[in-house]
Each structure stands twice: as C-alpha cells, then as structure tokens.
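Chain letters run A, B, ... following the sequence lines, proteins first and then strands; every chain starts at 1.
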Amino acid sequence: MARHLITSAIPYINGIKHLGNLVGSQLPADLFARYQRARGHEVLFLCATDEHGTPAELAAAKAGKPVAEYCAEMHEVQARIADGFRLSFDHFGRSSGPQNHRLTQHFAARLFDAGLIEEVVEQQMYSHADGRFLPDRYIEGTCPNCGFDSARGDQCDNCTKQLDPVDLINPHSTISGSTDLEMRETKHLYLRQSVMKDQLESWIDSKTDWPVLTTSIARKWLHDGDGLQDRGITRDLDWGIPVRRGDEDWPGMEGKVFYVWFDAPIEYIACAEEWVDAGKGTDWERWWRTDKGAADVRYTQFMGKDNVPFHTLTFPATILGSGEPWKVVDYIKSFNYLNYEGGQFSTSRGRGVFMDQALSLLPSDYWRWWLLSHAPESSDSEFTWENFQSSVNKDLADVLGNFVSRVTKFCRSKFGETVPSGGTFGATEEALITDLSARVETYAAMMEAMEVRKASQELRAIWVVGNEYLQTAAPWSVYKEDPQAAAGIVRLSLNLAALYAVLSAPFIPDAASEIATAMGLGDLSWPDDVPSALNRLSEGDSFAVPDNLFRKITDDELAEWKQRFAGVRD
RNA sequence: GCCUCGGUAGCUCAGCGGUUAGAGUUGACCGCUCAUAACGGUUAGGUCGCAGGUUCGAAUCCUGCCCGAGGCACCA
C-alpha cells in the first residue's frame, strides 16, 4: 500500500472562486485523491484558505468587518461550497491558524540561522490617511511617459511602461484617494533564493517526468534577467503572521508580518497539524518529516500555472534551506487557464460562473464531469454553454444515465427487480470482457499519470462499450425465443452498471453512489480484474431501478444562463 | 519591447519526423425499439495559421511573419 500526500493550491480568502480556479487545482486534486483511495492506498488530501495580505484586508474593509471575522466567515463559505462540489479534503484548514503561525516563525528562524535571510532597508510609499505602506499597485497617478491619468505604481496600463511609484505625477492612494503620501524607510527580510539557485536548478532538472508547463515556468524564473532573484518575505501590514525568529522577537521587525506568499505554502504542512488537532488524525509528522515516517510518502501538488513559481522555487527554497528533513514535493501537476465564452473568467468584473452559482444551477457531478473532461492541461481551454450542454447531455444523460436506465428497466419488466439466473457466456461476452479489460487498464494508467482528459475519454469509452454490447446482444429479441439466454445478458449488463459505479466514482461521486445503492453494492473498491468484477452481482441479488441519474439541459435554460452570466456580478 | 505557450475537421481537442492526419460532438443516411426520441452502424467534413528552409520524407525540426493567451518579479 502506497502513501499519497496530495495538496491543492490554497484558494485566496477574498471571495468565492470561479470555475477556472476550481478546475485548475482543487478538482483534479480531488479526482486523484479519490482514485488513490479507491485503489486502497493511504491518502492525506489537504487544502486550506489563504488568508493573509492586503487584498484580504481591503475585502474585509469593503464588507465593513474586522479582517479576522471576515476571514472566518469566508472560510466557512468556501468550506461549504467545497463540500457542495464533493471535494474530499481530509482537512480544509486556514493559513491564519496558530499552527501556521508557529511553523512559519520556525522556518524563518532556521533560514536566518542558515544565513538565507537578509535584512534590507528600502524606501516604500507610505500613506498617512490610510495609515499604512502601500503596495505599488495600490498607488495611482499620471504616467510620466504617456500622460495616462490612471497609471498604477508598478506599470502603466495605457502605455505598458514599467514604473516606480515615485515616477508618478500626482500620486494617490487607490484605497482612500489620499495624496498625502511620502517615501519612507522601512526594513524588510529577503529570502536569499539566489544562493540556492544551483541547488534548485539541479533539482528541477532531475524532474524529467514533470509537465513541461511546470518545468518551463520554473526555468524561466531561474534564468530570467539576472537569474533567480531574492524575494522579500515581510510586509508592513497588520494582518498576517508577526515576524518573529521562532519563539523570539526579531529586533527591528516589530509590527511587521510575513508576506502572504511566504506563509501560504507552509500552510500545507501546518494543515496536517490542524488535521491532527481537529481529531481527524494522530501523527502529522509521519506525512511531512522524512525522519519520522514520511520517507515512503509520495507527495503530489496541484495548481494553476500562476502558482508554479512559488511551488517550484520559493517553497522548496524555504524547506530545503531550513536544513531539516521535510518532505519535498515529488510531482507538480499544473494547469493552464480556463477561459469563458471567448474571454477570461474575471473575479473583479464578475464574468463567468462562480462556484456557488454553478451549484445553484445543477448538481456538482455535471460540473465535475465537464470541467475534468475539458481540463486545461496542454493549453488554455474554453468554457462555452453550448459545449457544456452537449457534453453533459450526451455523455452523462445519454451514454451513462440511459444505459443504467435501459438495463434496469428491461430487467424489471421481464424478470423483476432481482438479478436473474441462467444463460452462459458466448463469443460476444468474451469479446466484451477482452475489450473492457484493456480499457480499464488504460483508464487506470491515465488516472495514475494524472492525464485527466485522457482518463475521462477512456471512461466515456467504457460507458459506450455497454451500449454497444446491448445492441449486439439484443436481449429484447433473444427473450422472445430464449428467456434463459436473455437472463444471462441482463445479469451481465447489470454487473456492467455496477462496474461503472466503481470506475466513475472519482469523476462523478454522487451518481456513482446512486448507482451503487440501486445495485446493492456495499463498497466501491477497485476491481482486481474485469471478469471477477462482472460477477459481483449474483443470481437472486435484489436491485432497484434508480431515478434517472441525469437530466438534460434544455435550450431555454441555456439561453437564460448564457445571458445571466455574461454580465456583472455585484 | 522582451520572454513563454498555443494556432490541426463547424465546435472541443489528440497526434509532435515515416504507411491514405485521428477522437468526441455536429450534419446526412441506415438499423434497433429495452431505454431519458435514448442506443448501434455507415458516411460527409481538414492546402494541420502564412511564407520560406533542412530532409529520401514535416502537422511534427529550423527561420521569418500574422493571430490568440500568459508572464516580465515584491501582484495575489
């Protein structure tokens, strides 16, 4: 039995995520976790909310709530929605938890002792009215280059020139609008990633089996410009993890917090500790410390491409630099972006479908199936309502749902709601078993390799095989001459439905569970081989005809939704 | 501007040096009638973004151009 540690990129706290965020990390991670559990492996699947940073503070202010309260509420909201999508986290933690505070401060101390943290005094823009230092993007003014009046402190959106906040004419805070700004001296900690460049590079070079998307982004950062740059890991903010050197104060760093991108990945570890503290587990170090039982763990991370630099460079630099035997990631599965109807999903403009809205339209299986079978693995991919409608109606309702329906209803009308006896396997059945055996093997190989689209294609092909078999075997015709032979065909077909429940569960857990319940299947453990799997339901076992598993999306609904989600979400 | 990735059938995508370029969907036709008018079969549909080059041979490698997306670091 293998041991799989699986983490999904942790979603930021400032609102409900859209379908593009979901398909880029949490959903494929869940697919993999469910598959590995089904194979009988030990799995720890962790996710959390990423709660620190300026955007969280601003979102809380906009909501008129203290930031801690806002984060606690949004965490609950996100947890509930994750549950709605059947994301099977073993724990859904919070980066603001005490475990992460301790651990982040611990790492900072270790890195400082190793000479990998440098104190740097620099100038940053301070806003008196806001009472805070402002990140470059929160300062706007007139571009000295083109005269555009809403140029941001980091870059002018009009002429695209890179800017420094001090370059702006009439700079003001985008938070308060105040022009009462000044450059002030402030001290920050920098993680000396540059020192570890060679070590990180040879580590990346050794990962020849990783997706090119992952390694190419990592290499770009390693070689871009002057090479891997040191990174500031502290900020002048109130909301975050106080800068401390382990248990001790950090002289000169009073009132500062760690930068969100420093503490967020550490939450992957802290989350395991939360999992234990929540009473769900007993030993988190067994998953994270190679000196305490984690040597045989295989660690897989899932994320969108925007998160790759931090997971391939910054976080590894953090845990390797500590000099302690932490588990380092074995495989990083990264995804491109999902676009929406010819443009991008946009959180700020409310363009596209958000997770809560999706669940209000249709059950999670519909979304899970479409999103996973169209996962943006090799390039950006596109959500269109037409495509969603045709895929869901065809694949789920017609191919799978209708198969279960026709088999169970035919049996009920001819033999009652009991698996019928009689009949023997002939050439058609042998061919079916041969075909299915090969397909199930391919399917498992694709799931193992996290080839999400290809796995979904193979699963669909497996469903199609059932319909082909029925067409060839034609029990409705055979029944007229030889009811016994028809019974054999039906018994095999019922077993096919049961097999589909098992194989489909990682993609569409709710429908799989409905089929399993209807078929009287106790557990959904993976079949050793197809022949034995097709004998799971025996003569005389009772079953029920389930309600239609999937309904179809109508043209009217499509038209309405298309219009509804094109606009702006408040 | 620089860098990265992509541009293959109406649509969503696979193939990434070697037989007549594939799948699903859509369209047309045939079959079946157990089933959510569902299923099965046949078939139509492509100068593989454009132009050069390398090669016995290129969708596949190289160069240039066009189009789309993303990144260019203290933004999450």
Starting from P on B:C75, measure out to CG on A:Asn14 and report it in whole angstrom. 16 Å
Could you check which of B:U12, B:G40, B:C32 has an atom nearest any side-chain atom of A:Arg453? B:U12
Using heavy atoms to find the nearest nucleotide of RNA chain B for A:Leu400 and A:Asn467 separately, return the residue whose nucleotide is more 5′. A:Leu400
Measuring only the C1' atom in each nucleotide, how far is B:U19 from B:C13? A whole number of Å is fine. 24 Å
Check this for me: A:Glu441, atom CD, are more than 12 non-hydrogen atoms of other residues, nucleotides or ligands nearer than 6.0 Å? no
Would you call the rings of A:Trp261 and A:Phe310 parallel, tilted or perpendicular if under 30° counts as parallel and over 60° as perpendicular? parallel
Once you apply a heavy-atom cut-off of 4.0 Å, does A:Asn336 come out as touching a base, just sugar-phosphate, or nothing? nothing
Within the 4.0 Å heavy-atom criterion, would you say A:Phe388 contacts the bases, only the backbone, or no part of the nucleic acid? nothing
What is the base-pairing partner of B:A9, counting Watson-Crick and G-U wobble geometry with both distances under 3.5 Å? none
Using the C1' atom in both, what is the distance from B:G17 to B:C34, to the nearest Å? 50 Å
Whole-Å distance, A:His374 NE2 to B:C11 P, equals 14 Å
How many whole angstroms separate atom OH of A:Tyr340 from atom P of B:G68? 22 Å
Between A:Lys409 and B:A38, does any side-chain N or O lie under 4.0 Å from OP1 or OP2? no
At what distance, to the nearest 0.5 angstrom, does CG of A:Asp482 lie from OG of A:Ser477? 12.5 Å
To the nearest angstrom, the CG-P distance between A:Asp398 and B:C32 comes to 21 Å
Are the side chain of A:Arg453 and the backbone of A:Ala375 linked by a donor-acceptor contact shorter than 3.5 Å? yes
Mate of B:A69 across any strand shown (Watson-Crick or G-U wobble, both atom pairs under 3.5 Å) is B:U4
Taking only side-chain nitrogens and oxygens of A:Tyr469, does any of them come within less than 4.0 Å of OP1 or OP2 of B:G40? no
What is the nucleic acid contact for A:Asn387, judged by heavy atoms within less than 4.0 Å: base, sugar-phosphate only, or nothing? sugar-phosphate
Does A:Tyr337 have A:Lys305 sitting over its ring (NZ/CZ under 6.0 Å from centre, angle to axis within 45°)? yes
Could you check which of B:U36, B:G40, B:A73 has an atom nearest any side-chain atom of A:Glu468? B:G40
A:Lys305 NZ - B:U4 C1' separation (whole Å): 9 Å
Using the C1' atom on both, measure B:A21 against B:G45 and round to a whole Å. 13 Å
As its Watson-Crick or G-U partner within any shown strand, both distances under 3.5 Å, B:U36 has none
Rounded to whole Å, the OH-C1' distance (A:Tyr337 to B:A76) equals 10 Å
For nucleotides B:A38 and B:G6, find the distance between their C1' atoms and express it as a whole number of Å. 38 Å
At less than 4.0 Å, is any side-chain N or O atom of A:Lys394 found next to OP1 or OP2 of B:C39? Yes or no. yes
For the P atoms, the ones on B:C16 and on B:C62, what distance do you get once it is rounded to whole angstrom? 15 Å
Roughly how many Å apart are B:G10 and B:G27, using the P atom of each and rounding to a whole number? 15 Å
Would you say A:Lys454 reaches B:C13's phosphate, i.e. side-chain N/O to OP1/OP2 under 4.0 Å? no
Looking only at B:A35, B:C32, B:U25, the nucleotide nearest the A:Arg406 side chain is B:A35
Sugar-phosphate only, base, or nothing, as touched by A:Gly401 at under 4.0 Å among non-hydrogen atoms: base
Hey, does the side chain of A:Glu557 reach the backbone of A:Thr554 with a donor-acceptor pair shorter than 3.5 angstrom? yes
Sugar-phosphate only, base, or nothing, as touched by A:Pro475 at under 4.0 Å among non-hydrogen atoms: nothing
Verify stack between A:Trp476 ring and B:C34 base, 5.5 Å, 30 degrees: yes
Can you work out whether A:Arg551 or A:Ser390 has the more 5'-proximal nearest nucleotide on RNA chain B? A:Ser390
Heavy atoms only, 4.0 Å cut-off, all strands: where does A:Val464 land among base, sugar-phosphate and nothing? sugar-phosphate
Does A:Phe403 reach a base, just sugar-phosphate, or nothing at all? Heavy atoms under 4.0 Å. nothing
Per A:Gln471 side chain, nearest of listed nucleotides B:G31, B:U36, B:A76: B:G31
Checking A:Lys333 against A:Phe302: charged group under 6.0 Å from the ring centre and within 45 degrees of the axis? no
Establish, for the pair A:Lys552 and A:Phe550, whether the NZ or CZ atom is under 6.0 angstrom from the six-membered ring centre and no further than 45 degrees off its axis. no
Determine the interatomic distance between C1' on B:G15 and the same-named atom on B:U60; round to the nearest Å. 9 Å
Protein-nucleotide distance (A:Leu338, atom CG; B:U12, atom C1'), rounded to Å: 12 Å
Under a 3.5 Å cut-off for both contacts, is B:U60 paired Watson-Crick or G-U wobble with anything, and if yes, with which nucleotide? none
Mate of B:U19 where both pairing distances stay under 3.5 Å, Watson-Crick or G-U: none
Expressed as a whole number of angstroms, how long is the span from A:His311:NE2 to B:A76:P? 15 Å
With heavy atoms under 4.0 Å as the rule, sort A:Leu549 into base, sugar-phosphate or nothing. base
Is the A:Tyr268 to A:His311 ring centre distance short of 6.0 Å? yes
Taking atom types as they are modelled, is there a donor-acceptor pair under 3.5 Å from the base of B:A38 to the side chain of A:Asn402? no
Would you indicate which nucleotide in B:A38, B:C13, B:A35 comes nearest to any side-chain atom of A:Ser381? B:C13
Closest to the side chain of A:Arg460, out of B:A76, B:A35, B:G24, is B:G24
Expressed as a whole number of Å, how far does the P atom of B:G41 sit from that of B:U25? 10 Å
